[in-house]
Amino acid sequence: MDTRKIPSRKEGRVIIHFDYDCFYAAVFEAKNPSLKALPFAVQQKQIIVTCNYEARRRGLHKLQLIRDAKRICPEVIIELGEDISRFRDASKELYKFIEAYTWNGKVERLGFDEVWLDVTDMVDYNMEILNKNDLEHSFFQVSRDDPTVGFDFDATAVTGHTYPKDYSFPSAEAVDEATLRLRLGSHLAIFVRHALEQHKGYTATVGIATNKLLSKLVGNLHKPKDQTTLMPNPNTSGDHGSHAMAFLADHEIGKVPGIGFKLAQKLREHLLHRPADFDQGLVYGGTKERVTVGMVRECPDVNSEMLEKLLAGPGSQHGIGYKVWCLLHAIDDSEVSQMRTVPRQISIEDSYIRLDTLPEVLRELNILAKSLITRMRIDLLGSDEQFEPVPSEDDPDETRAPSTDGKKWLAHPKTIRLTTRPRQAMLPDGTRPRSFKRISHSAPLPNFIFALGESIESLADKLVKECLVGMFRKLHPEKAGWNLSLVNLAVTNMAETAGNSKTANGRDISNMFRRQEDVLKDFRVTDHDDSSTPSEVVADVGLKQEHGDEQQAPMVVDAVHDEWDDGSEGEDDARCEVCGMSLPSFAMVAHRRFHSLP
DNA sequence: CTGGGCTGAT
DNA sequence: ATCAGCC
């Protein structure tokens, strides 16, 4: 008896996944655009962590050894990227930019270069104001409060690429709800993507689908600087999973987010009836032992309980079998998490060719401690002014970079953790067994590091002397004989200050709206008798920078011009009965709804 | 001679 | 305290 529970597919969401193109390289290029035309790479220690597409054309790739890269492409320009603060700063800036579009605060970052946005509510709303009799001349309202902020689009077609590739969309009359919703998602995605490029100078590769898993994977079909929408099946109102199932079936098992190296090896072994070959080149995805999602799924004995038995082991996650089974079937009900105001942990690490004396260790601990305290002040301090709207006589000099005045700790980490990675001893044959095993020790974080009056240097000294030395001795009681390949220093266990919660709510929500105002104000159609025509403003919204990678988009600009450019206040305009505001008739439905809001 | 982070589960 | 997973 098959007792497995098949979760009902929830296809009601629209999720957009952004992946900034070669992010570390893009951060350098944003500052120095001349790099864009050259083969350019970013180095950390002995490897190229990422490179631009010009470099990739010449055979370079991510996580490549510097020596190999220089041999293959001697002209490559290389910058050091071991200090990742600039990437973190850029990541946060872009994250906040994207976040400003959300109505529900569901915006989740993964690493520095990926963001999910749950735009279900925006799509719901815009589905309601859609004129089903004239889909071609639709208007997408981007601001929830202002019906004039948004863009024109053609709702008879999806924009950008689709999966399946030659997806012939239903005729306007026959179009189903699910398809239409994803079309709206695709148009919103291109809008945000172009805004990102125009206002921040970053391009992104984007996927649009009904869950996080699929949105992330489907975007990969067209890289860089492009987007792909996973379309639902028409005429199968009960099951929109088939395109998704077919799409996923061709994926290498280990490429599915959530199925990492260990799980993939176990699954391969089961299907091949033998230990799978150790695919050494983790960088280069191609395995000889190609085991796909489809192969696993079609294996007759594979079900959620069997997977649990196969995959569960000591220390493994309960319900892993069920979770993997869901992933194989394109089911991912995980939510796009609400933005968090403070991270769970802050950590600083460095790796070493050789680190085997105590004085050296103390010096490195001091460097790490300084970085950590600096990071704490950057990421855990918030301005007081958000709590109590201070009268206007506060000091006008807020320009100093690491200013701590008027700042309060948003959270107090309770724990400090020191981690090392000892280098393995030599084997008799003279080779070194590579080990990535870490050992760590935790302790209460002394309160003195929260003193904002003290200098970072003196605090770091004190931390090393009063805390880290002892922790290090616990990890490495021997006087000598060890050699560390990595040291990591972290603060964890954040206790948030009263009035401040993990997820965005209360005052953070209002900040969010303030940011939305900020981002959207440039797009707002302000006044019709203004000399700058609204059409220009709206056309600017993100459609200016067409590079020929999307053919569908320019029509939106044209639609705007058709509507507004001829005649200062065209006959197509209507006047609101409630507030008297004059605006294009296509926006009137939304505007009326605006008045009907609480 | 494989970076410097992050999250979450046990 | 460690592991597995993500970039």
Side-chain angles (χ1 to χ4, degrees), chain A residues 17-24 41-50 61-70 80-88 91-92 95 108-116 205 212-213 216-217 220 254-266 280-284 311-320 323-324 327 334 337 340 342-354 368 371-372 375 379 415 417-421 423 431-432 434-443 471 474-475 485-494 502:
Chain A
H17 177 262
F18 298 83
D19 187 333
Y20 312 135
D21 299 318
C22 38
F23 181 58
Y24 283 11
V42 180
Q43 171 182 10
Q44 282 175 341
K45 297 289 152 57
Q46 350 260 4
I47 63 171
I48 298 289
V49 280
T50 195
H61 56 82
K62 294 180 187 177
L63 303 188
Q64 189 172 37
L65 287 173
I66 293 290
R67 285 180 29 179
D68 296 344
K70 284 186 174 167
L80 227 64
E82 286 163 19
D83 177 358
I84 63 170
S85 47
R86 59 172 66 191
F87 310 132
R88 182 166 31 234
S91 174
K92 276 188 197 162
Y95 172 70
E108 180 178 345
R109 222 167 34 133
L110 181 58
F112 287 170
D113 70 332
E114 293 185 26
V115 173
W116 278 284
T205 295
K212 286 171 66 180
L213 169 76
K216 175 173 168 137
L217 287 179
N220 291 331
K255 290 277 175 62
V256 177
I259 301 180
F261 178 76
K262 300 271 183 179
L263 291 177
Q265 282 300 97
K266 286 183 181 173
Q280 55 247 35
L282 194 72
V283 180
Y284 205 56
L311 303 175
S316 76
Q317 197 182 131
H318 300 313
I320 185 67
K323 196 187 132 192
V324 167
L327 291 177
S334 65
S337 66
R340 233 196 295 275
V342 296
R344 294 265 151 120
Q345 73 169 51
I346 296 174
S347 74
I348 305 287
E349 70 185 50
D350 204 346
S351 62
Y352 308 92
I353 306 287
R354 186 175 147 207
L368 293 174
S371 298
L372 185 65
R375 276 289 309 287
D379 287 356
T415 306
R417 187 183 62 215
L418 177 64
T419 305
T420 65
R421 189 178 64 194
R423 189 168 264 113
T431 61
R432 236 184 235 295
R434 286 181 310 169
S435 160
F436 293 95
K437 283 215 183 309
R438 296 168 176 227
I439 51 177
S440 68
H441 188 67
S442 299
M471 294 174 72
K474 281 242 165 70
L475 281 176
S485 65
L486 176 139
V487 179
N488 176 302
L489 194 57
V491 288
T492 64
N493 206 353
M494 306 287 178
K502 283 205 243 266

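In what follows, chains carry the letters A, B, and so on, assigned in the order in which the sequence lines appear, proteins first and then strands, with residues in each chain numbered from 1.
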| task | With pairs defined as Watson-Crick or G-U wobble and both distances under 3.5 angstrom, please note down DNA chain C as a dot-bracket string, | for pairing with another strand. | result | |||||||

Among all residues two or more places apart in sequence or in another chain, which pass the side chain to side chain donor-acceptor pair (under 3.5 Å) test with [X]?
X	value
A/Ser351	A/Lys45
A/Gln43	none
A/Ser91	A/Arg109
A/Thr419	none

Any residue meeting salt bridge (charged side-chain N to carboxylate O under 4.0 Å, His left out) with [X], in chain and number order, not counting sequence neighbours:
X	result
A/Lys323	none
A/Lys70	none
A/Arg438	A/Glu349
A/Asp68	A/Arg71

Across the strands shown, which category fits [X] at heavy-atom distances under 4.0 angstrom: base, sugar-phosphate, nothing?
X	answer
A/Lys216	sugar-phosphate
A/Ile439	sugar-phosphate
A/Val487	nothing

| remark: Contacts of A/Phe18 meeting ring pair (Phe, Tyr, Trp, His ring centres under 6.0 Å) (sequence neighbours excluded), chain-then-number -> none

| query | So, A/Asp19 versus A/Thr205: side-chain donor-acceptor pair below 3.5 Å or not? | reply | no

| message | For chain A and DNA chain C, what are the first and last nucleotides along the strand, 5' to 3', with at least one atom under 4.0 angstrom from a heavy atom of the protein chain? | response | C/dA1 to C/dC7

| said: Generate the contact string for nucleotides 4-10 of chain B. Rules: B means base contact, S means sugar-phosphate contact only, - means no protein heavy atom under 4.0 Å. | reply: BSSBSSS

